[in-house]
Amino acid sequence: MKLHEYQAKELFSRYGLPIPEGWLAKTPEKAMEHVGRRGFPIAIKAQVHAGGRGKSGGILLASNMEDAYKAVYSIHGMRLRTPQTVGEGPTVNKLLLEKGVDIDREFYLSIVPDSSTGSLLIIASAEGGMDIEEVAATHPEKILQVQVDPVMGLQEYQKRRVAYALGLTGELFASFATLLAGLYQAVLENDLLLAEINPLALTVDGDFFLIDAKAKVDSNALFRQRKIAAQYDSSEEDPLELEAQRHGLNYIRLHGNIGTIVNGAGLAMASMDIIQQAGAEPANFLDVGGGANEDMIEHGFQILLSDPHVKAILINIFGGILRCDILATGVVNAARKTGLQLPVVVRMEGTNAEQGRKILAESGLDLITATDLNDAATKIQELCLT
Amino acid sequence: MKLHEYQAKELFSRYGLPIPEGWLAKTPEKAMEHVGRRGFPIAIKAQVHAGGRGKSGGILLASNMEDAYKAVYSIHGMRLRTPQTVGEGPTVNKLLLEKGVDIDREFYLSIVPDSSTGSLLIIASAEGGMDIEEVAATHPEKILQVQVDPVMGLQEYQKRRVAYALGLTGELFASFATLLAGLYQAVLENDLLLAEINPLALTVDGDFFLIDAKAKVDSNALFRQRKIAAQYDSSEEDPLELEAQRHGLNYIRLHGNIGTIVNGAGLAMASMDIIQQAGAEPANFLDVGGGANEDMIEHGFQILLSDPHVKAILINIFGGILRCDILATGVVNAARKTGLQLPVVVRMEGTNAEQGRKILAESGLDLITATDLNDAATKIQELCLT
Amino acid sequence: MSIFVNQDTRLLVQGITGKEGQFHTLQCLEYGTRVVAGVTPGKAGQEVAGISVFHTVHDAVQETGANASMIFVPPPFAADAILEAADAGVDLIICITEGIPIHDMLRVRRALQGSSSRLIGPNCPGIITPGVCKIGIMPAHIHRPGSIGVISRSGTLTYELVDQLTKAGLGQSTCIGIGGDPVNGTGFIDCLAAFAKDEQTTGIVMLGEIGGTAEEAAAVFIQEKVDKPVVGFIAGLTAPPGRQMGHAGAIISGSRGSATAKIAALEKSGVHVYQELGQLGAFCAKTFAT
Amino acid sequence: MSIFVNQDTRLLVQGITGKEGQFHTLQCLEYGTRVVAGVTPGKAGQEVAGISVFHTVHDAVQETGANASMIFVPPPFAADAILEAADAGVDLIICITEGIPIHDMLRVRRALQGSSSRLIGPNCPGIITPGVCKIGIMPAHIHRPGSIGVISRSGTLTYELVDQLTKAGLGQSTCIGIGGDPVNGTGFIDCLAAFAKDEQTTGIVMLGEIGGTAEEAAAVFIQEKVDKPVVGFIAGLTAPPGRQMGHAGAIISGSRGSATAKIAALEKSGVHVYQELGQLGAFCAKTFAT
């Protein structure tokens, strides 16, 4: 779960990290009120989940009232399309206004749990700013990676390593070390999958400020991160994906017309591959997971049926922890409630598959049964041709 | 550094551990005031560093005013001699008065950093009370030892292991788990070498109370435990040992008459062995340590000279990190300041030994030089015979 | 022979009194697995299908000599359950639980370094040596004893493959689901090394998927250390690129982790990569026959 | 040959700019040790006796290829210095510092499990292979190259012994002070194992003292694994019993840890125990001659 910039900054500031004075506004009028009261220079920043906002007009700096007015009204309500967004991009309906600071140097600093090294990885560079990915690609030696043992935690020598690599000594070392320790603590205590500050600015007065900040929280940890879970902003999400989330389903909407219901991410991806190999396009990725119950199956089915693009459905289940009888009951209930009109190819194997097939057969519903994966692919192909 | 019972309880209570209501009194009059105000039953407990106080009359329970009066006046001012004290035992000048609780069961619980397993060792037994050492000797299976990884910290499953082994389930499990976690945290954050609760009482109402509590702090960690260092009660210490401590010297007073100044604990112990093998008795153990400076040597020398039992001194230095020239200068200064009258055998080898010998030779002092350890032993023997 | 499990495996089940725990304990028992104990804190003295339940893993191990554990404990408590099993000296720990926070698993993986316990999973279907021992949630009937070793990151994809293998006349020596989480215990390389040494195993099938770089590392290992034929499949060739994790992810992984990169790495190491899932079993039969 | 250090040892000194650090760096240099770098945070760019000082151990290792470190950092920062050296991949870490809190050392020892770095100390005089490499604070001139391996918990007691050995005509292969703290790195057993395998070493002297049970464990190891003659000495036979640490200490250690118990354990394992320190060198000469 991604946090907005203003949420991430609020979170980090609770760990003593220095953020510029800022004010959130939900309307252009409120934004202009803040501008009028706070003076210049002031930054106007779109609060949407879109990397690369700066280059795409989502962040503007104003040094007088006229510029500020233009900036506020151009950003608020815009659809922000950046290299990292999908489709037309999200609509901006929240602005963060921030007092400008007098920047001397810009650093890059992030912490991520890194599975390949089994560490909490600190990534830092003296070449902060918008083009850090390019620095990583062209000058990897300018990027320091420090692996923190997740059990030992951040050590003093690691703070020194990062600070000295960034050229920070003396008093700057001390304030940077405190900042880094705070960021590390924030990552740990909030189950962050990403904490990124770019740029971390050093002002001409020798003060650090988080100019931009990103944070992403482990969705698997929301059971113990209630406060963060409550900050979830669903306004940018696809309504069907939201509906799926509510029922614990892993659903991603795509652009094709063959809906899929599969258990297991690997088999779901492979099923999409099969649909494409059959000459059609998958309408979605939908992994009902291992612990699915009747309700979840039923809701997954309903979500597919409410996508107008879906012309046919492939159900591909290989039962392990998810028993086929449970799946079958869910499908039957959903088909009855929705008055199913679409062709549905069902392929079912594994735990309690016999019982599952029996439930489907006795339901009186008009379902197309596939004997194996090859057969299912053939039947999908036939549906596409008709 | 040992804490008194009332200090240990105050420390543990900051971690949420439940202690009985109690009041400290430095005079019998104050103690009786508390008794008058608080009612019965009340426990009167000597606050001295002496294990086994209970059996030796240092803890009495009173259920009426007359008993309380007798108890307070018998304990206050007494010298408490127990199997674990040396000599006549310390004088009691502080009393802890504690409200009695209605005990159902008594447990033993302690945590120590254990070098042999490299863990923080939890020791627990359902057979709490005064005779835990006997339980350990005769029924080791009644004592549970759980090794906590010092880096991972106390895990939930370890709380369960201890609690279930003590027969604590349901609500008792929950409150015990909290107590154990608090005790562990206290050990970590205060650099404790020992945290011991014996007995840990469970009342008939299902509440836990720390009836007796011991804590010992790592002296090497006092640099970061300033608050605890300030609680140091030196009233029970030997004045010469205190003086040595003030100068960073590791000094223990013994009963013989040959004083020793040695660098390194191993060589110091071996030097004591040599004195005994030569037919004399060492007056002390004095390790001036590796980082000794002139001042420390001088003070060590002065401490030996102020012990009236000391009839001769053996200085045995093998210089490594402690350079012999530094030692020699310290000895010369101290001898001059004190107007040295006693015979001193000096044996000096190692780093800068030549310079050291030269300083001694040129000092004009009347020192007995030994060429090696055998020679030193012989010269000590000669002194003893004369 | 087989790897990691055999007829001497004595299984305990952590979370045995839960719904899934009970169901799959029964399934394992029916298959012939020697289930000797269950653990659910606070429920010592109960029984599940005749199996005694203990408060702690230490008690269970001491009383029953269990040397393997299957974990069905819910995500908030699963990391602790793994640590408990390792501390009690259980040799093989199979964690079925899905959805354990990544910070928990980083700590668990670090704690298990240097331990004598092997962790499989979490978020995995388990391990089975057909005809001998099943520990996990895989449907038993699709397996047949034989000489093919199977390693997979994905549960149901494994069932699909195994079903096809069996139907194609290829039995399995051992099938291992290593789990789909980014931080897990036993990886491709550990399994490849064990299969390479296992006399019963004559061929290996490896099912990978997009994300991470475990398949790339496995490819290097295969080239250097595995003499037996290996068939590979990577799921997610047509999946849209994953949602961006900010810059940090890109800085660490660069262009690695895509299906194309993984397929290229495996092919370069001599792995027989085949991407038609419907005919994968038939392809294996052909490949391992030569 | 020798153990742990040799002519390829490239030393860096952590805390090189302090008074003791400077003094002993000079002594090591004079002895011929290849001191290649120093580390003091905040002092990169300075020099000590011509040796470059770096901010961090990582920088020092990268620039100079140092593979050993000698630590003179004060107690509050010493644990961190050890961890830094290990993280930078330094093979051999010798920590001279005395007075490190025990909780710090418990964490360090746990962190180093499974690491490729060997820690000697803390609170130790260091290690010397006479004529080749000296890392530590021992007075150099008392040593002679030879074939006796020396292991000791006590610094100055070691000097005493080595001085006597040299005067008795016995040179040393390597002398190691493992340090007197309850929690340390390399122990008696590690050193015994290395000396047992070292061709140059023909006899071993082991100096123990009261407290702990390291000598008892070493005795068991000697009986099982060491074929070379071993002479033993235990300091503290006449020391008064240590101050009581409450019940917990007694529960853990029981009656172990006394000088008498240690001497008995060593003698039972065939170690030649001799308690007259003044004649210990002569005793070694006699024992190792047979």
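First the proteins, then the strands, lettered A, B, ... as listed; each starts at 1.
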Among A:Thr117, A:Leu267, A:Asp372, residue most engaged with chain C (heavy-atom pairs, under 4.5 Å): A:Leu267
Nearest 0.5 angstrom please: C:Thr156 OG1 to A:Asn316 CG, how far? 8.0 Å
Spatial distance of atom CD (C:Gln164) from atom CG (A:Asn374) [nearest 0.5 Å]: 7.0 Å
Could you check whether any side-chain N or O of C:Arg110 sits under 3.5 Å from a backbone N or O of A:Met152, counting only pairs where one atom can act as donor and the other as acceptor?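 Answer holds: no.
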Donor-acceptor pair, side chain of A:Asp218 and main chain of C:Pro101, under 3.5 angstrom: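 Looks like no, no N/O pair under 3.5 Å.
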Please classify the contact between [X] and chain A as side chain, backbone, both or neither, with a heavy-atom cut-off of under 4.5 Å.
| X | value |
| --- | --- |
| C:Pro76 | both |
| C:Arg107 | both |
| C:Ile142 | side chain |

Any idea which heavy atoms bring [X] and [Y] closest together, and the distance?
| X | Y | result |
| --- | --- | --- |
| A:Gly319 | C:Pro139 | O-CG, 3.1 Å |
| A:Ser115 | C:Pro182 | CB-O, 3.2 Å |
| C:Leu277 | A:Ala270 | CD2-CB, 3.6 Å |

Criterion side-chain contact (heavy atoms from CB on, under 4.5 Å) on A:Leu120 and C:His103, from CA distance to verdict: CA-CA 9 Å; A:Leu120 289 160; C:His103 284 275; 3.5 Å; yes
Set out, in order, the CA-CA distance, both residues' side-chain angles and the distance that settles side-chain contact (heavy atoms from CB on, under 4.5 Å) for C:Leu157 and A:Phe318, then state yes or no. CA-CA 8 Å; C:Leu157 193 55; A:Phe318 216 117; over 6 Å; no
Check this for me, if you would: do C:Glu20 and A:Arg323 make a salt bridge, where the nitrogen-to-carboxylate-oxygen distance has to be below 4.0 angstrom? no
Establish, from distance only, whether the side-chain atoms of A:Asp273 and C:Gln275 form a donor-acceptor pair under 3.5 Å.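 Side chains of A:Asp273 and C:Gln275: no pair found under 3.5 Å.
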Name the region of A:Phe223, side chain, backbone, both or neither, that has any atom closer than 4.5 Å to a heavy atom of chain C. side chain
Engaged part of A:Ser271 at the chain C interface, taking heavy atoms whose separation is under 4.5 Å: neither
Could you check which of C:Leu207, C:Asp104, C:Val183 has the highest count of heavy-atom pairs closer than 4.5 Å to chain A?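 That would be C:Asp104.
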With respect to chain A, which residue among C:Ser154, C:Gly99, C:Ala140 yields the maximal number of heavy-atom pairs within a distance under 4.5 Å?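 Top option by heavy-atom pairs under 4.5 Å: C:Gly99.
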Can you list the residues of residues 183-192 of chain A that sit under 4.5 Å from chain C, counting heavy atoms only?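 Contacts with chain C: A:Val187, A:Leu188, A:Asp191, A:Leu192.
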Could you tell me if the side chain of C:Ile102 sits less than 4.5 Å from the side chain of A:Asn220, heavy atoms only? no
When you compare the side chain of C:Phe23 with that of A:Thr351, does any pair of heavy atoms fall below 4.5 Å? yes
Return yes when atom CZ of C:Phe283 has more than 12 non-hydrogen atoms of other residues, nucleotides or ligands closer than 6.0 Å, and no otherwise. yes
